[in-house]
Amino acid sequence: MTVHAATRSTSKRASLPDKYKLFLMVLPFILLVLVFSYGPLFGWSYAFFDYRPGIPLSRESFVGLKWFSALVSSPVQRAEVMRVMTNTIAMSLLNIACSVLPVAFAVFLSEVKTPWYKKSVQILTTLPNFISWVLVYSFAYALFNTNNGFLNGLLLKLGVLQRPVNFLADPSHTWLKMCVWHIWKTLGWSSIMYLAAIAGIDQELYEAARIDGAGRFQIMWHITVPGIMETYFVLLLLSIANFISNGMEQYFVFQNPMNRNRIEVLDLYVYNIGLGGGSFSYATAVSILKSIVSLTLLFVANGLSKAIRGNTIL
Amino acid sequence: MKRILATLLALVLACALAGCAAAPAPSEAPATPAQQPETEGGLDKSSLYTVQVFSMTSNYAGIQPGWFGKILKDKFNMEHNIIATNLEGGDSKLATMMASGDLGDLVIFGDSAVETIKNAVDAGLIMDWQQDGLLEQYGPTFLQNFPEALEYNKAMFGDGEHIYGIGYNVSYDDEGPNEGTDMIWGPYLRWDLYQQLGCPKIDTLEDLLPVLQQMQALCPTSDTGKPTYGFSMWSDWDSTHMMFAKQYGAMLGYNDGDTGNLLFISGAEPKYESFLEEGGMYYRSLKLFFDANQMGLVDPDSISQKNADVTAKIQDGQVLSSYFSWVTGYNTPAHTQEGKGMYMVPVQNEKIYSYSQSTYGGIRTTCIGAKAKDPARLMDFLNWVYSDEGTMVYFNGPEGMAWNYNEEGKPELTELGVEIYNNSTTTVPEEWGGGQYNDGQPKFSPGTLTNTTVSKKFGEPFLNKMWTSVLDMDTNPALDSWRAHFGVRTPKEYFEKNDMLSIYKVPFMPDGARVMSQDLEQKKSTIGQIVQEYSWRMVFAADEAQFNALWSEMVDKADGLGYPELLTWNIEGAEAEFAARKAELP
């Protein structure tokens, strides 16, 4: 008895209170967040200096908010920022509007009854996701270039065209074209989540519907679609949170002087100005602006959520 | 059983790997003791020195191969590992290298690098050549032959005290243009087609268009059956403007010194002109390309293709004209023997921008990195590059292989040399390093002596095209008919004879290089993006109304982004330069 009590008391003394244990468990993740999310914020300091690569910040002159005021210094400059923001928002909106396509694709694909056909469609549509944008561009170039591009060759042979057309340098409908490339690349991949959700729908619901005499489309509309709506909304919210960061690789590889006006999204603008033009401080100021816009969006979404659903995300 | 097999396999693999690593050793071994003085001039060359060459002018990345690689190995026990910004993202690569604090062993800056050099010096990334007596001990050639180039560098970048490097195209004297047989610009046209048209006179560059159109009608398809174009351009060399559009100015005697500052400065006269002046040279140039595009003369791929694509098209005969003298890959023996080729056809109102021979050299500067592993060996190497012997090898290949001195002490091409002269892809014998000649050419692309300056050693320029023996040898039906038509042997002779040159001579700037403020730099780059983008859109505009609308939109945007400020800064610079030029006149 005494022995028992003794061990229990030592074990009690040696063990940490639960709150510390839990803290230790979460510590690695806090560190990761600090290193990868807060650490880089140090880079913001470059926006307040006349930074030249190679020379340490301590030797650069502090310029306060000069680069931020440069952003709005003239009407043309403001128009430039607005143009870039418009491109960013337009292409993000288009991509979000198209996020129903993977849902539809998944719903229809799950209706395919021939296993080999279903599998091969799925593989073929998922593959593009693993191709880098650089390769996608070389593929696009091979299809559309004027010298020995497939499309030009075909149209010239058929007599539709008299002289080759440079499709890649055509400035019209840039947003739409970028959206189509984006869909082509991500359609199969994005539908995987929905296919999983469909697999999780209770089969009894289908049987019950069939017994009640529901047709194929009725089953899809009344059972499959509601079954995956929840997944859809979660993913939609996530993509809205990422609204402003619509990436730059795609736009970077497809940009050329003819379409740059419409293709330059915020991230690409920062790249072009900062690394292309060597104005690091100014580019940093622009990217800080991006964070501010993201924060604003987050609060707006939060407010909407409160107004509509009655509870907040934050 | 499985385990035994696995062990065996691993053993075999290990042996194979060891074999691979050891294999090249025997072939390398004999060269080392026989040809390499381990210590020469007090330098220990016993260990292989892999020189990290950071080159902003090179178009090759990796280890220097071929015959020049062999010379490096045999003479200096070195190899060059070249990092080329041109192939690795341009300015962004430069910025990352600068931020890393180490620019490698040899650093070669590009033509418009005044600010970059200043920044690199400021950041302590470049070594002072006077440090530890480097220059006195290992660079006697520089001190004896090019004291003025050293002084120039001192004034430009070293506050009048430090020497951070040496410019390119340094000459022994400063008389006359430094170009060889051809100027940098032309225009160059398909000579055979131009002759078929009866050699119509071309008064202005705009007059090229009807001629090109007729040429296109004469020859609608290339050797491989592709459609031909009057102009085929590329956009990846653009900076703050459309690179091709600027060349119009160069053929009228104006250039922007490759600064991207959007101001044309005359080579010979104290005159300048803004790129954004309506009706000015840049405007007329865009108009010319726009008209050409309307006439179906512009390759629609111009905007998406790269320099290499155009080179291939030119070789195939898909392009009928070139502004530049160095884009004439069409002139292969197979073509020229048939009387076909791209040759210079002068435009009557031309005044070609030309660079003068200069004892100061140009801005493109060769430097030693502050963290170089063995600066003495690098200085020893550069000393050789800038010597008469080194320059000969740099431009013409190893002595004894491609050329030899004759009894009079003049250089002559060997049999193999003639083959190489006609076709740079000629195979080099194994004993000289093997591979194709052009693959083995020096890839680090540093500054050197001007290849047209007359060698002190043999009294002829280094450029083999200019040797008397080669000029005599260099004939083919196409070139002969060109020579007969114009009554000169080279384009340079034509321009000199007809006083059609605007020769720019680098002036000595005692106050050093001017550097733009960061604000202005930022404005320049945003304006530059607009100008470059709109220029291309204007060339491919649907009609004249759109062309004009885009022009005014471009000018308005540029003005709104601070172009007047940039212009003022540039004009100040131009005035300072004019004053310096004046001060140098005797």
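Lettering follows sequence order; numbering is per chain, from 1.
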Open item on the list: Less than 4.5 Å to any heavy atom of chain B: does that hold for the side chain of S279(A), its backbone, both, or neither?
Closed with: side chain
Task: Test item: E115(B) and R52(A) side chains (from C-beta on) under 4.5 Å apart, heavy atoms - done: no
TODO: Find the one option among G528(B), G101(B), A99(B) whose heavy-atom pairs under 4.5 Å with chain A are most numerous.
DONE: A99(B)
Task: Note, N145(A) side chain near S304(B) side chain (heavy atom, < 4.5 Å) - done: no
- [ ] Evaluate the side-chain proximity of Q518(B) to V63(A): yes if any heavy-atom separation is below 4.5 Å, no if none is.
- [x] no
TODO: Go through the atoms of D556(B) and report whether side chain, backbone, both or neither lie under 4.5 Å from a heavy atom of chain A.
DONE: backbone
TODO: Would you check if Y282(A) and E521(B) make a side-chain contact, meaning some heavy-atom pair closer than 4.5 Å?
DONE: no
- [ ] In plain terms, say whether K557(B) and E80(A) are close enough for a salt bridge, that is, a side-chain N and a carboxylate O under 4.0 Å apart.
- [x] yes
TODO: Under 4.5 Å, counting heavy-atom pairs only, tell me which of G296(B), A120(B), S100(B), A558(B) racks up the most with chain A.
DONE: G296(B)
Task: Options M242(B), K523(B), K226(B), ranked by heavy-atom pairs under 4.5 Å with chain A, top entry - done: K226(B)
TODO: With a 4.5 angstrom heavy-atom cut-off, could you sort out which part of I530(B) is near chain A: side chain, backbone, both or neither?
DONE: side chain
Task: CG/D159(B): more than 12 non-hydrogen atoms of other groups inside 6.0 Å - done: no
Open item on the list: If I measure from the heavy atoms of chain B, does E264(A) come under 4.5 Å with its side chain, its backbone, both, or neither?
Closed with: side chain
Open item on the list: Measuring only between side-chain heavy atoms, which start at C-beta, is W67(A) closer than 4.5 Å to Q522(B)?
Closed with: yes
TODO: Tabulate, in ascending numerical order, the residues of residues 163-176 of chain A having at least one heavy atom closer than 4.5 Å to a heavy atom of chain B, or enter 'none'.
DONE: R163(A), P164(A), N166(A), A169(A)
Task: Distance (rounded to the nearest 0.5 Å) between M258(A) CE and F540(B) CZ - done: 6.5 Å
- [ ] Would you mind checking which part of Y269(A) comes under 4.5 Å of any heavy atom in chain B, side chain (CB onward), backbone (N, CA, C, O), both or neither?
- [x] side chain
- [ ] Please name the pair of heavy atoms, one in G560(B) and one in S74(A), separated by the smallest distance, quoted to 0.1 Å.
- [x] O-OG, 2.8 Å
Open item on the list: I'd like to know which of D519(B), D299(B), D559(B) tops the heavy-atom pair count under 4.5 Å against chain A.
Closed with: D519(B)
Task: Test item: E533(B) and N261(A) side chains (from C-beta on) under 4.5 Å apart, heavy atoms - done: yes
Open item on the list: Counting neighbours of CH2 on W569(B) that are heavy atoms of other residues, nucleotides or ligands and sit closer than 6.0 Å, is the number greater than 12?
Closed with: yes
Open item on the list: I need the minimum non-hydrogen distance between A95(B) and P53(A), along with the two atoms involved.
Closed with: O-CB, 3.6 Å
TODO: First locate atom CG of N259(A), then atom CD1 of I303(B), and finally report the distance between them rounded to the nearest 0.5 Å.
DONE: 8.0 Å
Open item on the list: Donor-acceptor check, side chain of R59(A) to backbone of A123(B), threshold 3.5 angstrom: yes or no?
Closed with: no
Task: Gap separating the CG atom of N256(A) from the CZ atom of R537(B), nearest 0.5 angstrom - done: 11.0 Å
Open item on the list: Just checking F29(A): does its CZ atom have more than 12 heavy atoms from other residues, nucleotides or ligands closer to it than 6.0 angstrom?
Closed with: no
Task: Interatomic distance, N272(A) atom CG to S525(B) atom OG [nearest 0.5 angstrom] - done: 9.5 Å
- [ ] Could you look at K524(B) and say if it's the side chain, the backbone, both or neither that has a heavy atom under 4.5 Å from chain A?
- [x] neither
TODO: May I ask you to name which of L94(B), D122(B), D102(B) has the most heavy-atom pairs under 4.5 Å with chain A?
DONE: D122(B)
Open item on the list: If I measure from the heavy atoms of chain B, does F280(A) come under 4.5 Å with its side chain, its backbone, both, or neither?
Closed with: side chain
- [ ] Tell me, yes or no, whether the heavy-atom count around F42(A) atom CZ, taken from other residues, nucleotides or ligands under 6.0 Å, exceeds 12.
- [x] no
Open item on the list: Can you tell me how far apart OG1 (T526(B)) and CD1 (I273(A)) are? Round to the nearest 0.5 Å.
Closed with: 5.5 Å
